[in-house]
Asker: 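This is the structure I want to talk about, given as structure tokens.
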Amino acid sequence: MQGQEHTESELLHIRREKLEALVAKGIEPFGGRFDTTHPPGTLRKDFEPELPVRVGGRITARRVMGKAAFFDLADFTGRIQCYVSKKDVGDEVFELLAEMLDLGDWLGVEGKTFVTKTGEPSVHVASMQVLSKSLRPLPDKWHGVTDKEIKYRQRYLDLISNERSRDIFVTRSLMVAEIRRFLQDRGFLEVETPMMQDVPGGAAATPFETFHNALGMPLYLRIAPELFLKRLLVGGFTKVFELNRNFRNEGLSRRHNPEFTMLEAYWAFSDFEQMAELVETLVCHLAEKYCGGLLIEHKDDEGNVTRTINLQRPWRRAPYKDLIRGVAGANWFELTNEEKKTRCAEIGVEVSGGMEDYEISQQVFEKLIEEKSFDPLFVTHVPKELVPLAKQNKADSSVVDVYELVINGQEISPGYSELNDPIVQRERLEHQAGEEVQKLDEDFLLALEYGMPSAGGIGIGIDRLVMMLTGAESIRDVVLFPQLKKK
RNA sequence: GCGCGGGUAGCUCAGCGGUAGAGCAGUUGGCUUUUAACCAAUUGGUCCUGGGUUCGAUCCCCAGCCCGCGCACCA
């Protein structure tokens, strides 16, 4: 950190000396190209004996026994054991391994595969090449890194030493790739729309503000891509999706990172019910492919199952108002504002003074329904005040044709029958703008006047989806580099 | 922003008003199929930072920094 020689610990000093010893022997300590035949984990998994191989990886374990030694080479695919005997490689190479190399160093080996007495798939090393000398010691080989601050600030140490973390991020990557494939297979086109926007719309959230020097204008990091994707519907891109980052200037929590990954997809001529079908199919597909089935077990550190989420179809569907009546009383919506607050006190929901009726209802919904729903629940027909960009229901104009999918106690995915009437859309946004002091996106409203096809739309919070599917307790465990305060 | 909990060796942790300990890693020696290798010896500390109380503070008190959890914020 300070980079001052005299403050370095003994451990660092010894590694520097080994580095110098390598150089003195004419060995390049930071390697170069090394062509490999297999990654370590793959080789171990699809093992064949008597195979000539070249493998590269980091030394994560070493067991030296006089004139023979074992060590593990590892990367994100897993590990493979290597065996070196002094007799085969000679004194020089053996001493290199035993005296100048350390846990943490990157090594390329060439040799032939075999199985040891104890049945461990291994590589019998004939020669090796140093690919990088590590100048700092690795975390504890058994416990790995558990200090949250180190896990998040120095994610590479977490990835080196914790298989669980590696698994989560590999799984996330596979899932994201599969989501893209799933949508592309159904004719959706992936697009990219502005992350820097003049008017940050598509959601009610505080944006991050920045400034473009050459244009001399403020810009905002997007809080949602929605209004741009709808412009593309107008443009005739009838099936589009975007899977990328949104930014919201809010507090951090176990469920919130200021930048998070969102999928939004729009399907012309569809509606919210068909979008619900699509989400259900997609999530079940991911669970079956990457979680071993539709029962998702969440476990604590000791491996005890703490929760099982049942994704078996069909998923429950229920109107918002019915759910609230179920927990707050059949006459809830007939109560006055004051009576609602009294009822809240009775059922243990905290509300504050100035709340409007729909806000009190929403509070009841969040505390008594959303946070307690772990198996999938499609909440339908939500009050229109909450969703200004969706079509109003024909039979009940106080609600909109949407679903909010709740799984694992969190909102995972909203889906709308998208509002495409430019006149109604303007009214709804102006109404909202009056309350929340938001700017109207006139360019968006202009586009709607050219005609946006009727459409269904969905959002899926990818981070929360991955949390649900992998059993991660915190969003920081599914985001590689979560936001932390500067130290 | 508020409340609670935490910060001790490179890592994982214990400890305590009397100047600090274990396991792993490291170092030294032994060992040619081990795997948390083993056996023996051994190095390693700003006990988060700054004040205060005290004869004496890593420990008690106050303030600050960072992390976690909860609350608040958050369609």
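Every chain is numbered from 1, with letters handed out A, B, ... down the list of sequences.
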Asker: Take atom CD of A:E99 and atom P of B:G26, then tell me their distance rounded to the nearest Å.
Answerer: 13 Å

Asker: Centre-to-centre under 6.0 Å for A:F241 and A:Y266, is that the case here?
Answerer: no

Asker: Using only side-chain N and O atoms of A:R63, determine if any of them is under 4.0 Å from OP1 or OP2 of B:U34.
Answerer: no

Asker: Categorize A:V382 for me: base, sugar-phosphate, or nothing, with a 4.0 angstrom heavy-atom threshold over every strand shown.
Answerer: nothing

Asker: Could you let me know what B:C60 is paired to, Watson-Crick or G-U wobble, both distances under 3.5 Å, or none if it's on its own?
Answerer: B:G52

Asker: Using the P atom as the point on both nucleotides, what is the distance between B:U54 and B:U49, in whole Å?
Answerer: 23 Å

Asker: For B:G70, which nucleotide in any strand shown is its Watson-Crick or wobble partner with both distances under 3.5 Å?
Answerer: B:C2

Asker: So if I take every side-chain heavy atom of A:P388 and compare against B:C11, B:U43, B:A75, which nucleotide ends up nearest?
Answerer: B:A75

Asker: Remember a base hit wins even if backbone is also touched, and classify A:L484 as base, sugar-phosphate or nothing at under 4.0 Å, heavy atoms.
Answerer: sugar-phosphate

Asker: Of the nucleotides B:U32, B:C74, B:A36, which has the atom closest to the A:H256 side chain?
Answerer: B:C74

Asker: Rounding to the closest angstrom, what is the interatomic distance between B:C71 and B:C38 at atom P?
Answerer: 45 Å

Asker: Side chain of A:F70: nearest nucleotide among B:U34, B:G26, B:A75?
Answerer: B:U34

Asker: Give the rounded distance in Å between these two atoms: CD of A:E149 and P of B:U8.
Answerer: 10 Å

Asker: Ignoring backbone atoms, establish whether A:R254 has a side-chain N or O less than 4.0 Å from OP1 or OP2 of B:G68.
Answerer: no

Asker: Could one point to a donor on the side chain of A:T116 or the base of B:U34 with an acceptor on the other under 3.5 Å away?
Answerer: yes

Asker: Could you tell me the Watson-Crick or G-U partner of B:C13, where both distances fall under 3.5 Å? Say none if there is no partner.
Answerer: B:G21

Asker: Indicate whether OP1 or OP2 belonging to B:G26 is found under 4.0 Å from a side-chain N or O atom of A:R62.
Answerer: yes

Asker: If I pick the P atom on B:C24 and the same atom on B:A41, what distance separates them, to the nearest angstrom?
Answerer: 13 Å

Asker: If you pin A:H143 and A:E411 to their nearest nucleotides in RNA chain B, which one's is more 5'?
Answerer: A:H143

Asker: How many whole angstroms separate atom CD1 of A:I14 from atom C1' of B:A9?
Answerer: 14 Å

Asker: Base, sugar-phosphate alone, or nothing: which one does A:K86 contact when heavy atoms must sit under 4.0 Å apart?
Answerer: nothing

Asker: Will you find, in the side chains of A:R44 and A:T113, an N or O donor that is under 3.5 Å from an N or O acceptor?
Answerer: no

Asker: B:G45 and B:U28: how far apart are their C1' atoms, nearest whole angstrom?
Answerer: 22 Å

Asker: Distance check, P atoms only: B:G6 and B:G10, in whole angstrom units.
Answerer: 22 Å

Asker: For A:G202, report the nucleic acid contact type (base, sugar-phosphate, nothing); a contact means any heavy atom under 4.0 Å.
Answerer: base

Asker: Does either side chain, that of A:R63 or that of A:Q81, offer a donor lying less than 3.5 Å from an acceptor on the other one?
Answerer: yes

Asker: At less than 4.0 Å, is any side-chain N or O atom of A:K367 found next to OP1 or OP2 of B:A72? Yes or no.
Answerer: yes

Asker: For the C1' atoms, the ones on B:C59 and on B:U8, what distance do you get once it is rounded to whole angstrom?
Answerer: 11 Å

Asker: Just label B:U46 as syn or anti from its O4'-C1'-N9-C4 or O4'-C1'-N1-C2 angle, using within 90° of 0 for syn.
Answerer: anti

Asker: May I have the distance from A:F71 (atom CZ) to B:A25 (atom C1'), rounded to whole angstrom?
Answerer: 18 Å

Asker: Taking only the side-chain heavy atoms of A:R476 (C-beta and beyond), determine which of B:C69, B:A75, B:U32 contains the nearest atom.
Answerer: B:C69

Asker: Any sub-3.5 Å donor-acceptor pair from A:R426's side-chain atoms to A:L445's backbone N or O?
Answerer: no

Asker: Here's a test of your reading of the structure: between A:R153 and A:V145, which maps to the more 5' nucleotide of RNA chain B?
Answerer: A:V145

Asker: I want to know whether A:F114 and A:Y83 have ring centres closer than 6.0 Å.
Answerer: yes

Asker: A:D147 near the nucleic acid: base, sugar-phosphate alone, or nothing, with a heavy-atom cut-off under 4.0 Å?
Answerer: sugar-phosphate

Asker: From B:U35, B:A25, B:C66, pick the nucleotide closest to the side chain of A:L11?
Answerer: B:A25

Asker: Counting distance only, does the side-chain N/O of A:N420 pair as donor-acceptor with the main-chain N or O of A:M452 below 3.5 Å?
Answerer: yes

Asker: Just the rounded figure in Å: distance from P of B:C67 to CG of A:L252.
Answerer: 9 Å

Asker: Considering every strand shown, what is the Watson-Crick or G-U wobble mate of B:U46 when both distances are under 3.5 Å?
Answerer: none

Asker: For A:R136 and B:G26, is the shortest distance between a side-chain N/O and OP1 or OP2 below 4.0 Å?
Answerer: no

Asker: Taking the minimum atom-to-atom distance to the side chain of A:I150, which one of B:C74, B:C11, B:C69 wins?
Answerer: B:C11

Asker: Roughly how far apart are A:S417 OG and A:K394 NZ, rounded to 0.5 Å?
Answerer: 8.5 Å

Asker: Is a side-chain N or O of A:R58 found less than 3.5 angstrom from the main chain of A:G104, in a donor-acceptor match?
Answerer: yes

Asker: Output yes when at least one side-chain N/O atom of A:R15 is less than 4.0 Å from OP1 or OP2 of B:G26, else no.
Answerer: no

Asker: Starting from C1' on B:C13, measure out to NZ on A:K148 and report it in whole angstrom.
Answerer: 15 Å

Asker: Considering every strand and a 4.0 Å limit on heavy-atom distances, what is the contact class for A:K151: base, sugar-phosphate, or nothing?
Answerer: nothing

Asker: Using the P atoms only, state how far B:C74 lies from B:G18, rounded to an integer number of Å.
Answerer: 50 Å

Asker: Exactly one of A:E242, A:E259, A:E209 should register a salt bridge (charged side-chain N to carboxylate O under 4.0 Å, His left out) with A:R222. Which one does?
Answerer: A:E242

Asker: Roughly how many Å apart are B:C11 and B:G44, using the C1' atom of each and rounding to a whole number?
Answerer: 13 Å

Asker: B:U33 base to A:E120 side chain: any donor-acceptor pair below 3.5 Å?
Answerer: no

Asker: It should be established whether A:T146 places a side-chain nitrogen or oxygen under 4.0 Å from OP1 or OP2 of nucleotide B:U12.
Answerer: yes

Asker: Nearest to the side chain of A:W142, which nucleotide is it out of B:U32, B:C66, B:A36?
Answerer: B:A36

Asker: It should be established whether A:K485 places a side-chain nitrogen or oxygen under 4.0 Å from OP1 or OP2 of nucleotide B:C66.
Answerer: yes

Asker: What orientation do A:Y320 and A:F365 show, parallel under 30°, tilted 30 to 60°, or perpendicular over 60°?
Answerer: tilted

Asker: Any idea which of B:U27, B:A75, B:C74 is nearest the A:E250 side chain?
Answerer: B:C74

Asker: So for A:D140 and B:G23, does any side-chain atom that can act as donor or acceptor lie under 3.5 Å from a complementary atom in the base?
Answerer: yes

Asker: Should A:K141 be listed as having a side-chain N or O under 4.0 Å from OP1 or OP2 of B:G10?
Answerer: no

Asker: Check every strand shown and say whether A:L157 touches a base, only sugar-phosphate, or nothing at a heavy-atom separation below 4.0 Å.
Answerer: nothing

Asker: Classify A:Y152 by what it touches in the nucleic acid, base, sugar-phosphate, or nothing, heavy-atom distance under 4.0 Å.
Answerer: sugar-phosphate

Asker: Have a look at A:L386 and say if it touches a base, only the backbone sugar-phosphate, or nothing, with a 4.0 Å heavy-atom cut-off.
Answerer: base

Asker: A:Y416 side chain: which of B:U27, B:A75, B:A36 is closest?
Answerer: B:A75

